[in-house]
Amino acid sequence: VERLEELQALVQRPSVRCFDPERTVEPAVIEKLVDVARRTGSARNRQPWRCVAVFDRAVLQKLGGLGAYAQHVATAPVALVLLSADNGYRDTEFDLGRLAQTITLAAGALGLDSCLATIYPDANVMRAAELVGARAGWLPRHALSLGYGAVLDTAGRSSAIPTGRTALEELLTILPCSVTGGSE
Ligand SMILES: Cc1cc2nc3c(=O)[nH]c(=O)nc-3n(C[C@H](O)[C@H](O)[C@H](O)COP(=O)(O)O)c2cc1C
């Protein structure tokens, strides 16, 4: 139960979009996060992912303009650009989601805040690929801002995005076992 509570605390750590400019993140910390995340399972063990860590402020600022809600990347001490293989498999973006979740949880375990950014439309994905020097066939559709959250007043925390989570009763249906066993 204790470990489950620890996991829940990490899962529900809120996204943070404003970072303390005084607190940097060392490349060694990013290496640790990705070293944990590379152990994540993927469909057919394809591991259709690569990560580019960006510390350069000018590049971060450009990336922050490549999605309607990507601005937080511009002010983060570091962003991990997540590259997905352009391989046409329906599981690829699902796999990237698992990778991103592992990185987010590992970051939280180290006391780091984070927020995802969606890079779109496709023209911006191409621009981002150029910016980070992605090899052909690798698409940066998401980036993860990482840093230590700035202390904000309540006004600074307000967001247009609805909060809260779907209730368990609405989310989960437990299909009853049929009395006859189902197959006749
Ligand atoms: C696939 C995905 C893409 C997201 N893209 C963005 C984004 O572009 N900009 C942003 O500010 N937040 C983005 N988020 C963060 C969500 O808005 C956030 O997780 C959600 O509102 C729940 O809030 P919480 O993480 O603080 O609990 C994204 C999250 C996911 C899972």
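Atoms within each ligand, like the ligands themselves, are counted from 1 in listed order. Hydrogens, waters and symmetry mates are skipped; everything else that's a heavy atom, side chains included, is used. Since the model is a prediction, treat every value here as computed from it, not as a measurement.
What sits closest to atom 9 (N) of ligand 1 on the protein, heavy atoms only, is Tyr69 O, 2.7 Å. Atom 25 (O) of ligand 1 has its closest protein heavy atom at Ser15 OG, 2.5 Å. Closest to atom 31 (C) of ligand 1, if we only count protein heavy atoms, is Leu116 CD1, 3.7 Å. Closest to atom 1 (C) of ligand 1 among all protein heavy atoms lies His142 NE2, 4.0 Å. Scanning the protein heavy atoms around atom 17 (O) of ligand 1, the nearest turns out to be Arg17 NH2, 3.2 Å.
In the model, Thr102 has a side-chain atom that pairs as donor or acceptor with a side-chain atom of Thr40 under 3.5 Å.
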**Q.** Check against side chain to side chain contact (heavy atoms under 4.5 Å, CB included), Asp122 and Arg141
**A.** CA-CA 8 Å; Asp122 284 348; Arg141 297 196 186 281; 3.3 Å; yes
Q: Begin from the C-alpha positions of Asp113 and Arg13 and carry the test side chain to side chain contact (heavy atoms under 4.5 Å, CB included) through to its verdict.
A: CA-CA 8 Å; Asp113 293 302; Arg13 197 179 167 104; 3.0 Å; yes
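A donor-acceptor pair under 3.5 Å links the side-chain atoms of Arg57 to the main chain of Ala74, judged by distance alone. Within the 3.5 Å criterion, the main-chain N or O of Leu116 finds a donor-acceptor partner in the side chain of His72. A donor-acceptor contact shorter than 3.5 Å links the side chain of Gln71 to the backbone of Ala68. Between the side chain of Asp56 and the main chain of Val59, a donor-acceptor pair closer than 3.5 Å is present.
Protein heavy atoms are absent from the 4.0 Å sphere centred on atom 20 (C) of ligand 1.
Considering backbone and side-chain atoms together, Thr118 places an N or O closer than 3.5 Å to an N or O of ligand 1. At least one N or O atom of Arg165 sits closer than 3.5 Å to an N or O atom of ligand 1.
At least one heavy atom of Ala117 sits closer than 4.0 Å to an atom of ligand 1. Using a non-hydrogen distance threshold of 4.0 Å, Ala70 does not register as a contact of ligand 1.
Of all atoms in ligand 1, numbered sequentially from 1 with element shown, those under 4.0 Å from a heavy atom of Pro14 are 26 (O). Distances below 4.0 Å separate heavy atoms of Ile161 from the following atoms of ligand 1: 17 (O), 21 (O).
Under the 4.5 Å side-chain heavy-atom criterion for ILVMFWY residues, no single connected hydrophobic cluster contains both Trp49 and Val81.
Only the side chain of His72 comes within 4.0 Å of ligand 1, counting heavy atoms alone; its backbone N, CA, C and O stay farther away. Contacts with ligand 1 closer than 4.0 Å are made by side-chain heavy atoms of Cys115 only, the backbone lying farther away.
The cationic atom of Arg46 (NZ for Lys, CZ for Arg) lies less than 6.0 Å from the six-membered ring centre of Tyr89 and within 45° of the ring axis.
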